[in-house]
Amino acid sequence: MDKAYDHKKYEAEIYKKWEESGAFAPSETGKPYCMIMPPPNANDDLHIGHARFVAIEDALIRYHRMKGEAVLWLPGADHAGIETQFVFEKKLKEQGKSRFDFDRETLYQMIWDYVQKNKSNMENQLRSLGASCDWSRERFTLDPEIVRIVYRTFKKLHDDGLVYRGERLVNYCTRCGTAYSELEVDHVEKEGEIYTLDYGSIKIATTRPETIFADAAVAVNPNDKKYAALVGKKATIPLINRGVLIISDEAVEMGVGTDALKVTPAHDFTDWEIGERHNLERITVVGRDGRITVPAPEKYRGMYVNEARKAVVADLEAAGKLVKREKKQMVTGVCYRCKNPIEPLPSPQWFVKVGPLVEPAKRAVEEKKTVFAAEKFEKIYLHWLDNLRDWNISRQIVWGIQIPAWKCGKCGEWTITAGETPGECGGCGGKNLTRDTDTFDTWFSSGQWPFATLQTTQPGDFERFYPTAVMETAYDILPFWVMRMTMLGLYVTGKVPFEKVLIHGLVRDKQGQKISKSKGNVINPLEMTEKYGTDALRMALVWGALVENDMALAEDNIRGQRNFANKIWNIARFIVMADEADKAEGGAKTEMNDDDEWINKELKKTVKTVTEDLEQFRLNEAAAEVYEFVWHKLADVYLEKVKGRRAEAQDNLRRVWAEALKLLHPFMPFVTEVVWQELKFGESPTLISAHWPS
RNA sequence: GGGCACUUAGCUCAGCGGUAGAGCGCUGCAUUCACAUUGCAGAUGUCGGGGGUUCAAAUCCCUCAGUGCCCACCA
């Protein structure tokens, strides 16, 4: 054995050996233990957050496999609709092109090819992180079998009256050219201006003067005495001198602006609701391209909203209708992806009625059918469900699963199928049908991932492994994913998709700052594994904090764990050299003393606490326990004591070491496996398939 | 405005009812011995402030202060 452990020499070879040995596939017997991997987006390299989930999930997977359970860790890849199209469009832009230069089929094919390349890249990175998942069962969210299931769910929802097509005010990104769900809108605070305008009989305050041409009313609070006499009278929109009714509605809060609100149903969510209550006209003056349209006065048409705002304000001022303008900190919705301001626009979309899905999803958690490992996330989950609105599942992009809905050219009715092209309109029998060009929200398909995967891998998998044991994922997608999986899983299969939810925190830089490209504090997991070895990175990612908490990751910690890997290597080296010496002297002659009994007792204690910690998902504690035992008890104390009576203690040392390697294996799979094979323990040719000590 | 957390050694974090812990960093010493990617020894904290419960509180309760994250239609 070399003097120091060289991870580069062993990792790839060991991984190949594991994979070829069939150890990643579930055994025929044993209690089923299934984890579905959160499928990484197939559009980029893995980042440090992926490395953390691999470290956590693989540790649990290896532990349960060693306990003799039938373990299935099912890997996958996500087509990640918006994300991927966004990334791809950036590439196109670098080449001086845009999505509008291609027809739908060509664009789809180009993204497909791009994704396939990234997908295999991503898979290799998971391998290099040591993920012991069953590649023979890998699924991609656009696999035809998966798509069929997604279609079927949509049809079922539709047949049950839980899907409707509605003209609603949606969060529209004029840059991305698609509507989003409420969850995909970020809110940023920035300085804007609020303008007080003279509406003749009343003054109103607004931050969006460019939309005055779409006003349908002016609203005041029903309890507002100062305006009570005006309700039912008319106000006059300046510049165009159109009269609108003054109405009263409880949505108007008092103490804001002039206490009078211009109601623009087509361009504001509050106003939309007021409009519904009062049956107001929905006048649109902003188009999907973000430019002003008719019926705004001609001079503003074609302007982007920002320019139009300036122009309108200037004209209002000239007309003497601008009473006041002042700076104001305000919160605006921006596209979570491109950060452009979200434009609320009326648009026909497919919605899922969430009410009937929310109740079972709440009950499942309240009745502990699904248990959150960290209670705080259960509270957050329930809070989310209580405040959920109907889910817009249609996106105006090409990259994704096209919605199986056809519109009749004759009667205008929609025909929904489970994927197949309908022969005729379900309403009038017309033959002239056109398919909706929209695609599903990515989360609509990934929300079905646990059952969609298991129903399409091997016969019997679903019956055997569903509900899965644990869903492990990051907290930032709790509402997007965990919540939707529970709702859709319960709806389609009648059972929760997973029994436990283990949520992990974010990886931050060593000062605890959020990692971002713009800050330049990105930690590249592949660079770290190259430099210090996968085991070191993984141990550092588990060691630093409770699974559920954010973790500050310093390179020093990774280096420290590399040193630990080297310590493991050298303990083994010591034992090998002792073996050789024994052989030369005619074999070990076992004779136990107090030191042996002490280390055996310490080992037993360690086995107990590490096992308990793993059962409770306290991976940091478990890792620290083994570390303490191996380095500071076995190496620093026992090994030193043994030096004087090597031959008598050798058998016990080998036995203790074999058990210690097992405890370490979930956290540092490579070096422990190399060492296990080096020492040729008889129990099992590979450590990955050895038995967890008890 | 609503929700969820956090505040413990210089830094990053564990501990969550029984007289303070780890890693890194720091100080000193050692070292041809499995490992300098090392060993041994050591310093550093009225566990955010205040109140309460208890024989006993970093740990439970209340309160104040600060920090972070998520949500939200204040025009």
Side-chain angles (χ1 to χ4, degrees), chain A residues 1-6 169 182-183 185-187 192 194-197 204-209 211 215 218-219 251-264 267-274 328-333 344 374-384 386-388 475-476 478-479 505-506 508-514 532-533 536 539-540 543-546 548-578 618 620-621 623-625 627-628 631-632 635-637 639-640 642-643:
Chain A
M1 287 174 83
D2 297 335
K3 219 170 164 187
Y5 173 58
D6 179 8
L169 204 56
E182 53 173 312
L183 304 188
V185 179
D186 283 346
H187 294 270
I194 181 163
Y195 309 90
T196 305
L197 307 182
I204 61 95
T206 180
T207 54
R208 300 208 57 188
T211 64
D215 288 354
V218 166
V252 183
E253 286 183 41
M254 288 169 67
V256 183
T258 62
D259 290 343
L261 171 69
K262 82 184 189 69
V263 184
T264 319
H267 297 299
D268 183 277
F269 288 97
T270 308
D271 297 9
W272 178 272
E273 283 167 23
I274 296 175
K328 182 177 160 64
Q329 281 302 113
M330 45 193 245
V331 176
T332 37
E375 206 185 341
K376 64 176 173 183
F377 292 116
E378 178 179 319
K379 292 182 195 167
I380 292 171
Y381 167 93
L382 291 172
H383 188 252
W384 265 109
D386 281 335
N387 293 292
L388 210 56
Y475 65 67
D476 54 350
L478 181 78
L506 269 35
R508 296 167 173 273
D509 75 5
K510 67 175 173 186
Q511 279 101 25
Q513 300 292 306
K514 199 167 176 175
Y532 300 109
M539 188 67 162
W543 176 281
L546 289 166
E548 73 236 42
N549 285 350
D550 288 356
M551 140 182 303
L553 181 65
E555 193 168 333
D556 278 349
N557 294 90
I558 306 171
R559 188 164 42 74
Q561 296 301 342
R562 188 274 315 267
N563 295 353
F564 183 47
N566 191 238
K567 176 62 75 174
I568 293 165
W569 176 262
N570 272 288
I571 295 170
R573 188 155 168 258
F574 176 89
I575 297 174
V576 166
M577 289 166 99
R618 291 189 297 253
N620 60 321
E621 291 289 313
E625 287 285 344
Y627 179 99
E628 164 73 13
W631 198 323
H632 300 306
D636 288 348
V637 179
L639 231 53
E640 292 304 320
V642 147
K643 280 177 182 170

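Just so it is clear, the model here is predicted, and its values are computed rather than measured.
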Partner residues of [X] under the side chain to side chain donor-acceptor pair (under 3.5 Å) criterion, sequence neighbours left out:
X        : value
A:Asp6   : none
A:Asn563 : none
A:Asp215 : A:Tyr199, A:Lys262, A:Thr264

message = Could you work out, with ring-ring contact (aromatic ring centres under 6.0 Å, His included) as the rule, every residue matching A:Trp569, not counting sequence neighbours?
response =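 ring-ring contact (aromatic ring centres under 6.0 Å, His included) check on A:Trp569 returns A:Tyr5, A:Tyr10.
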
Practice problem: Flag the pair A:Glu640 / A:Lys643 as yes when at least one side-chain heavy-atom distance between them is below 4.5 Å, and no otherwise. | Solution: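 Side chain of A:Glu640 against side chain of A:Lys643, heavy atoms only: contact under 4.5 Å found.
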
Checking [X] now: which residues fulfil salt bridge (Lys or Arg N to Asp or Glu O under 4.0 Å) with it, not counting sequence neighbours?
X        : result
A:Glu555 : A:Lys531
A:Glu548 : none
A:Arg573 : none
A:Asp259 : A:Lys226

Quiz item: Is a side-chain N or O of A:Asp550 found less than 3.5 angstrom from the main chain of A:Leu506, in a donor-acceptor match?
Solution: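 Looks like yes, one N/O pair under 3.5 Å.
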
Okay, side chain of A:Asn566, backbone of A:Arg562: is any donor-acceptor separation there less than 3.5 Å?
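Not a single qualifying donor-acceptor pair exists.
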
Quiz prompt | Nearest-Å distance once atom C1' is located in both B:rC47 and B:rA20 | solution =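 The same atom, C1', in both gives a distance of 8 Å.
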
**Item:** Separation of the P atoms in B:rC62 and B:rA22, to the nearest angstrom
**Value:**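 Straight-line distance between the two P atoms is 32 Å.
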
(message) Tell me whether A:Lys376 at atom NZ has more than 12 heavy atoms from other residues, nucleotides or ligands lying less than 6.0 Å away.
(response)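 Correct, the count exceeds 12.
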
With 3.5 Å as the limit, what N/O pairs link the protein to nucleotides 41-44 of chain B?
none

So which protein N/O to nucleotides 24-30 of chain B N/O distances come out below 3.5 Å?
residue, atom, partner, partner atom, Å
B:rC24, O2', A:Asp556, OD2, 3.4

Can you check whether any acceptor in the base of B:rC35 is under 3.5 Å from a donor in the side chain of A:Lys567, or vice versa?
->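 Donor-acceptor pair under 3.5 Å: yes.
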
Ignoring hydrogens and angles, does a donor from either the side chain of A:Glu640 or the base of B:rA34 sit under 3.5 Å from an acceptor on the other?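 Present.
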
Heteroatom pairs (N/O) under 3.5 angstrom, protein to nucleotides 2-11 of chain B:
residue, atom, partner, partner atom, Å
B:rA5, OP1, A:Lys379, NZ, 2.8

Secondary structure of RNA chain B per the Watson-Crick/G-U criterion (both distances under 3.5 Å; [ ] crossing, | other strand, . unpaired) is ((((((((.[[[[.)..(..]]]].(((((.......))))).....[[[[[..)....]]]]])))))))....

Next on the checklist: Heavy atoms only, 4.0 Å cut-off, all strands: where does A:Lys3 land among base, sugar-phosphate and nothing?
Outcome noted: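 Here A:Lys3 touches the backbone only, sparing every base.
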
